[in-house]
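These notes concern the structure reproduced below.
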2 protein chains.
Amino acid sequence: MSKLTIKTLAKELGLSIATVSKALKDSHEISSETKKKVLAMAEQLNYVPNPYASSLRKQKSKTIAVILPEVADNFFSLAINGIQAVATTKNYHVLIYLSHESFEIEKNAVNHCLSGRVDGVLISVSSATTTASHIEKLQNENIPFVFFDREFENFKAPKVITNDYACGYEAAKLLIKKGCKQPVFLSTSESLSICSKRSAGFAAALADAGLTNNKHEFVIDCTGTQEMIFEQLQKLLKKNKKIDGIVASVEKLAMQIYLVCLEKNINIPDDLKVIAFSTLETAPILNPSLTTITQPAFEIGKTAAEALFTMIEKKKHTITAESVTVLPSTLIERNSTSG
Amino acid sequence: MSKLTIKTLAKELGLSIATVSKALKDSHEISSETKKKVLAMAEQLNYVPNPYASSLRKQKSKTIAVILPEVADNFFSLAINGIQAVATTKNYHVLIYLSHESFEIEKNAVNHCLSGRVDGVLISVSSATTTASHIEKLQNENIPFVFFDREFENFKAPKVITNDYACGYEAAKLLIKKGCKQPVFLSTSESLSICSKRSAGFAAALADAGLTNNKHEFVIDCTGTQEMIFEQLQKLLKKNKKIDGIVASVEKLAMQIYLVCLEKNINIPDDLKVIAFSTLETAPILNPSLTTITQPAFEIGKTAAEALFTMIEKKKHTITAESVTVLPSTLIERNSTSG
DNA sequence: CGTTATACCGAAAACGGTTTCGTAAATAAA
DNA sequence: TTTATTTACGAAACCGTTTTCGGTATAACG
């Protein structure tokens, strides 16, 4: 009934607190007989040490934080799976903070990570963050952190990302090969590393193919709620009927494109070819099946977490060291770009 | 550089630790002038109190745990959104534990929640849990918890769920109305509350329509990895060509059905009509668009969290009290059941 | 036998806050 | 003026661990 602490355990056993504590962690200072007794009693009484007392004393929280924009997104949930996988093997706990693409919320979350609440943080920045002041605080407090997927450019720090530029290039190349004359790139926020790199690759491919001279705007920012995006796309396709190819920079844009086409009776791929950066499992069974550039989401989460733990485990983490690991995505052609 | 504690803050201000502590929490014992000074200095030095020291003394962790099978599932990620939404308004932190449908992992996670790591827990049980011994520990330690979606039947506790039985009934009724003679229900685990209730409703509708006498097995368990499920479905549809309707109890089953039909050239809805319990956003743009029974995932998470917090906030939480709130799902007819 | 290792255990000081309680000064009441 | 009350602050206990530092008893050694 009343809280079971190491003190009551000690009293029950007729031992000192120190002895019990050491016995529980298999110290060599304790005889094997008493160890056995202690373990048995602890098991019997179902003793679980108070994690916060331990954290306070050891200055280790045994927990990491994951800060990301959203969890209802296949990429991020897969990444979380990867992170969780390595966290559990390390016996670590994971706190989740959702920024919902708000800089304020993200800053707040980062602030929570100061002062020893976590031993490290994994972060994928929101589309609204244009300054890294909050992340610099982490650096100042010497708290290990690593970016995954959405990094902060020009910021020296460990990051694990995918080959965004190359994929943007490949996407455009495919559309061009399939005959598109006016493909556009749908961005969510050009301040986002993934978007700017992908669109840069996209633009480069257009330039290489000599398609940039027909003066159309080929990188378009789509922001807001799903409904707002829907309307923007509606207007875009109505205004510019020459658009014959689209690269969606993120998952949620792809869905809205399909919905707009459904409503406006635009045929994919005949009227419009579509490629999406996405890990959507339903891509093969969409109408039509969707050509995707699929990121290794689980692996990105996993290797980011692994990188974080190597930093946590060495006492002197050279946080300022920039180490970028790039896990390539794969282009999977399906019917949305056929013909 | 060195950790900034309340002690250094106090020394810097020429005040006692106690005074600073009280000033920071706006105690009436402190004059407004010193409060101002303290706040200013705290702001300037960027002081963040150590949460674990505070937790230890106050016996409150300001964090809750969410234990669920999976995060890469639309229903659960939406539920997490709902949970997070209320947690942030309460200034609470949320720990996430993924059971991946394993009882052992789930038990482990529950154990972590003992001993004051969290002030409460939200749990959606794995398909492998058939005993509630681990959850009883929570009760014994008087830790507030509430089930969401996947409850443990015959267990007196607060739960927020959806109207599974009625939806199973409705799903079957729709298939029958559309002319199905041998509809089947695809379960993932009959030990799971949601599945058993949904299948019970399904069976009841079949009985009411007089369709149970043709002796076919109409509730089928599909377990294992996605690949294993794919194979099971392949065999099922090959063996029993009379099956003309399917209700998928969970999201991931629906996808496999579509894939099998794609491979075996089975036409949906002509050869086979499909309904899925799912919150898939891509349902309208699938080929064909998928008829779903859509759970109010966000609201389930939200109200579960709200229920948890009312328990946390009253000192004497009558945990044994069973209070079931049911949030109804909605059947959305699409092309996978047309004709 | 005296000395030194070794094995085993306990007292007490941390860790960084919160909270109770005491107290001195200032103010109000008598 | 004396007494009671309020205001503003500090000393110290406490939360539940971990860890350092001794200390005692026994064994090993010369």
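Below, read A as the first sequence line, B as the second, and so on, with proteins coming before strands; counting in each chain starts at 1.
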Please tell me if A/T34 has a side-chain N or O lying less than 4.0 Å from either OP1 or OP2 of C/dC8.
no
Rounded to the Å, how far apart are B/I30 CD1 and D/dT6 C1'?
14 Å
Could you work out how much the helix from C/dC1-D/dG30 to C/dA30-D/dT1 bends, comparing the axis of its first five pairs with that of its last five, to 10°?
50°
Side-chain donor or acceptor of B/S61 paired with backbone N/O of B/R117 under 3.5 Å:
yes
May I have the distance from A/K36 (atom NZ) to C/dC8 (atom P), rounded to whole angstrom?
13 Å
Answer yes or no: is there an ion pair linking B/D119 with B/K62, defined by an N-O contact shorter than 4.0 Å?
no
Gap between atoms NZ and P, on A/K35 and C/dA7 respectively (whole Å)
12 Å
What I want to find out is whether A/K90 reaches A/E313 closely enough, with some N-O distance under 4.0 Å, to be called a salt bridge.
yes
Atom CG of B/L15 to atom P of D/dT7: distance rounded to whole Å?
20 Å
What nitrogen or oxygen pairs link the protein and nucleotides 16-22 of chain C at under 3.5 Å?
from, atom 1, to, atom 2, distance (Å)
C/dG16, OP1, A/Q59, NE2, 3.1
C/dG16, N2, B/A53, O, 3.2
C/dG17, OP1, B/Y47, OH, 3.3
C/dG17, OP1, B/N50, N, 3.4
C/dG17, OP2, B/I6, N, 2.7
C/dG17, O5', B/Y47, OH, 2.9
C/dG17, O5', B/N50, N, 3.4
C/dT18, OP2, B/S21, OG, 2.7
C/dT18, O2, B/R57, NH1, 2.7
C/dT20, O4, B/K22, NZ, 3.4

Nearest heavy atoms of B/K159 and B/V146, plus distance in Å:
CA-CG2, 4.5 Å
Evaluate B/Y47 against B/M41 for side chain to side chain contact (heavy atoms under 4.5 Å, CB included), listing each step before the verdict.
CA-CA 8 Å; B/Y47 168 72; B/M41 181 67 78; over 6 Å; no
Is it true that B/E306 and B/K302 have a side-chain N and a carboxylate O under 4.0 angstrom from each other?
yes
Output the rounded distance in Å from CZ (B/R117) to C1' (D/dG16).
14 Å
Carboxylate-amine/guanidinium proximity below 4.0 Å for B/R150 and B/E101
yes
Determine whether a donor-acceptor pair (N or O, by modelled atom type, separation under 3.5 Å) exists between the side chain of B/S124 and the backbone of B/F148.
yes
